[in-house]
Structures are given as C-alpha cells and as structure tokens.
Amino acid sequence: MGVEVSVENLTKSFGSQNIWRDVSLTLPEGEVSALLGPSGTGKSVFLKTLIGLLHPEQGSVVIDGTDITQCSAKELYEIRKLFGVLFQDGALFGSMSLFDNIAFPLREHTKKKEDEIRKIVMDKMELVGLAGAEDKLPGEISGGMRKRAGLARALVLDPQIILCDEPDSGLDPVRTAYISQLLIDINAEIDATILVVTHNINIARTIPDNIGMLFRKELVMFGPREQLLTSEQPVVKQFLSGDRFGPIGMSEEKDESVAAAEAAMQAAGIAGGGTQDDFSEIIPQVKPNPGMPVRQAAIRHRANVEAMLPTLPPRAQEAIRASMAAEDARAADDEAAAMSVLETAPIPQI
C-alpha cells in the first residue's frame, strides 16, 4: 500500500526569487492527487522537493515517518526507493536503449537475475504500449514514446509513491486517455500514492481523488476533487474552464488596466475562449478496467467526502450529492448487467 506524504509550511526560493511559500498539504496514502497551476508556479520544483532533489528554505516533508529535509543521505537513499518518478521530459539516458533505461532501477536497487529483469521490463513495456521498441535509443523515438518509456521505468519497482510530471505532454488525446486509465488501474492494483502534475483539465476533472492548485506563490487550496470542482474561487473556476477572463493573465500577475479591459469585454458579451461549463455537475471519475481489483482509495475517499459534506457551501453540497447518487445508480446498473450475463451464460458441459 502507498504511504502518506505530509508537507508542512514548505518554502522554496532560488536566490532572491521566491517560488512558493508556506505550502502545507497531505497526500493521503493510496489515493491519487493532482497539482494544478499556471505555468511557472513551481509545480515541477515541488515534485523535486518531495524526493529530496531540491532542499527547501523552511518546512518539512515527512514520508513514512521520516522528514527528508532533516535526514541523512543514507536515510534519503532508502526513502527514495519508495518512489517511482516520471519526469516531464522522460529523463532517459541517451546512450542506453529503452530496455536498459527501464531496467536501470532494477539493476541499481535489486539483486534480481537478468532473466527476471527481462521479464519485468518487457511486461512494463507492453503495459505502456512499447512492446518491440526495447532496442531503440531515446533519440530514435518520438517525445510521446520517450514519455511512455519514462513511465515504464517509474513503475518497474512497483513503487509505493508515484510522481508524474505532466504525463500527457507529448501525447495525443487517445494515448493520454490510455495513460490516465493506466494510472487508475495501477492505483487499484497496488494501492500506490500517486501525485500528478498536469495542465490537462480533463485529467484534473476525471482522474484524481484530490486536487490542489498553486497560484501567486501560494497553495490556493488542496482537498477532495469534489471540493475544488465546485469551488467558487475565481482563480480556480478560470483555470478549470480555460478562460482568459479572470485573475490569471499571460503573466501570472494581471495588471489593473488589463483586468478592467477584460471585464468590459465580458460585460459586453465577448467570450473569453473557455468552456461554458458552470461546474454545477461533477464529471464522473475514471474507474478501473473490468477485472481489476476494487479501488480501495475510492472507498476511503467517499467516506472522507461524506464526513466533510456538511461543512461545504450549499451549492457544492447539492452537486456532490447528485454526483454520489449518479455514481450509486451506475454501480447498481453495472451489477445488474453483470448478473444478467451470468444468468444467460450457457452452462458448461462436464
């Protein structure tokens, strides 16, 4: 099962440039979370801080009972074995074949024999749709294929924590859907704690159990997906709808003159280019493929949302209750369909 990651009052700067400050959140064990935010808000920096590649000026990152901001190099080395990381550009070794890239963690951290390593690597390559490409070099394949190879390497040790930095970048919409489904299936199978950094709103609205958002050097909010998807905060609504009218500008800080001009255009009925979704309906979350185990994270998440429901605004409560009722109805329909198939199936001859 995945482990909890607890972040308290985390602050990171590069020289005089502050990236973000006083970030506090908890990635619940075994659940899928997503981190959103405009480009340049330090989402990738946050991931690198979680695995100790970057050291914060203040705050703590507690993983499996160990604060990695204070631990020894030896302790950090052991903690990193819990992680599988998909970096934004794949981060493959250019002089190694895809097979050797994916096998690298197994050879580095285990004592498995080469025949065991080959089986594991080939299974992971097939999982991400790269069967037959094991002898190719990273420079001989597309960016999307490199991303999938990076994901296979991230999964090769069956990690308890999986970090994915924009897993959809370089992928077409169909393969993005496959990667998203794969993350949900992996979570169902090994109950890993997963954090996805993404700009893909469809992923953000359909994959995670929890969502957080960075904006103007601060964590705007972090919590169950239902809470953020029904949020009335202007920056959250603007980002989720992909609209140019709102607090987020081409540069992160939108000046008053631009904001006033856009407000006038909006009042005149000019569209800002975003979706017209009013977020009164919560899009169903992606479910594991048939034959996969029941996703325990979904059960824990449902209980958490039901407990916090009375504390949310009335509009959010209404949308969440409607979403839960629809989910229950779909589950009942699926169960009835499965029973119908069993009842009509021919009795095997002995």
Side-chain angles (χ1 to χ4, degrees), residues 1-5 27-35 82-87 90 98 102 105-106 119-133 144-198 200-211 224-225 282-302 304 327 330-331 333-335 337-338 341:
M1 180 176 176
V3 299
E4 179 182 279
V5 179
L27 303 179
E29 59 184 27
E31 294 189 19
V32 181
S33 301
L35 186 61
L82 300 175
F83 284 89
V85 183
L86 171 59
F87 293 99
L98 296 190
I102 297 167
L106 292 168
K119 183 181 186 309
I120 294 171
V121 171
M122 298 307 291
D123 285 346
K124 300 303 183 187
M125 293 192 74
E126 183 175 1
L127 192 65
V128 300
L130 288 176
M145 291 177 73
R146 287 195 294 272
K147 179 60 67 78
R148 284 184 278 153
L151 180 58
R153 186 179 61 187
L155 299 175
V156 78
L157 289 176
D158 292 328
Q160 296 182 51
I161 306 170
I162 301 172
L163 306 181
C164 299
D165 195 355
E166 296 192 31
D168 58 297
S169 66
L171 299 181
D172 60 74
V174 173
R175 288 182 174 85
T176 295
Y178 274 108
I179 292 293
S180 299
Q181 182 67 58
L182 177 58
L183 291 174
I184 289 295
D185 288 349
I186 290 167
N187 178 254
E189 191 167 14
I190 64 176
D191 212 18
T193 302
I194 300 176
L195 176 60
V196 178
V197 163
T198 183
N200 187 309
I201 300 307
N202 188 53
I203 288 179
R205 296 180 72 181
T206 61
I207 297 301
D209 301 300
N210 312 286
I211 306 176
R225 65 189 289 270
I282 299 173
I283 295 176
Q285 192 176 18
V286 172
K287 305 296 182 186
N289 270 317
M292 298 298 298
V294 173
R295 198 168 76 89
Q296 297 301 310
I299 298 174
R300 295 190 296 268
H301 177 78
R302 172 75 176 255
N304 183 31
E327 181 181 352
R330 285 191 298 271
D333 288 344
D334 291 345
E335 184 177 352
V341 170

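A quick note: this is a predicted structure, and the numbers were derived from the prediction, not measured.
S33 is linked by a side-chain hydrogen bond (donor to acceptor under 3.5 Å, both in side chains) to N210, counting only residues two or more places apart in sequence or in another chain. Listed by chain and residue number, K287, R302, R330 satisfy the side-chain contact (heavy atoms from CB on, under 4.5 Å) test with E327 (two or more places apart in sequence, or in another chain). Among residues two or more places apart in sequence or in another chain, the side-chain contact (heavy atoms from CB on, under 4.5 Å) test is passed with E189 by M292. Taking the side-chain hydrogen bond (donor to acceptor under 3.5 Å, both in side chains) definition, one finds that N289 meets it with D185, sequence neighbours left out. In this structure N304 satisfies the side-chain hydrogen bond (donor to acceptor under 3.5 Å, both in side chains) test with no other residue, sequence neighbours excluded. When the salt bridge (charged side-chain N to carboxylate O under 4.0 Å, His left out) test is applied to R225, no partner is found at least two apart in sequence or on another chain. Applying the side-chain contact (heavy atoms from CB on, under 4.5 Å) rule to T176 yields the partners D168, L171, S180, N200, I203; only residues at least two apart in sequence or on another chain are considered. Legend: residues meeting side-chain contact (heavy atoms from CB on, under 4.5 Å) with P208, ordered by chain and number and at least two apart, are V32, A34, I211. With sequence neighbours excluded, no residue forms a salt bridge (charged side-chain N to carboxylate O under 4.0 Å, His left out) with D165.
A salt bridge (charged side-chain N to carboxylate O under 4.0 Å, His left out) check over residues 146-156, counting only residues at least two apart or in different chains, returns nothing.
Between the side chain of T193 and the backbone N or O of E4 there is no donor-acceptor pair closer than 3.5 Å. Of the possible polar contacts, none joining the D209 side chain to the A298 backbone as a donor-acceptor pair under 3.5 Å is found. A donor-acceptor pair under 3.5 Å is absent between the side-chain atoms of E166 and the main chain of T198, judged by distance alone.
Looking at heavy atoms from C-beta onward, L151 lies out of side-chain contact with P167 at the 4.5 angstrom threshold.
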In residues 119-133, what donor-acceptor pairs under 3.5 Å come from side-chain atoms, sequence neighbours left out?
from	atom 1	to	atom 2	distance (Å)
K119	NZ	D123	OD2	3.1
K124	NZ	D158	OD1	3.1

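Closest of all the heavy-atom pairs between L157 and P105 is CD1-CB, 3.9 Å.
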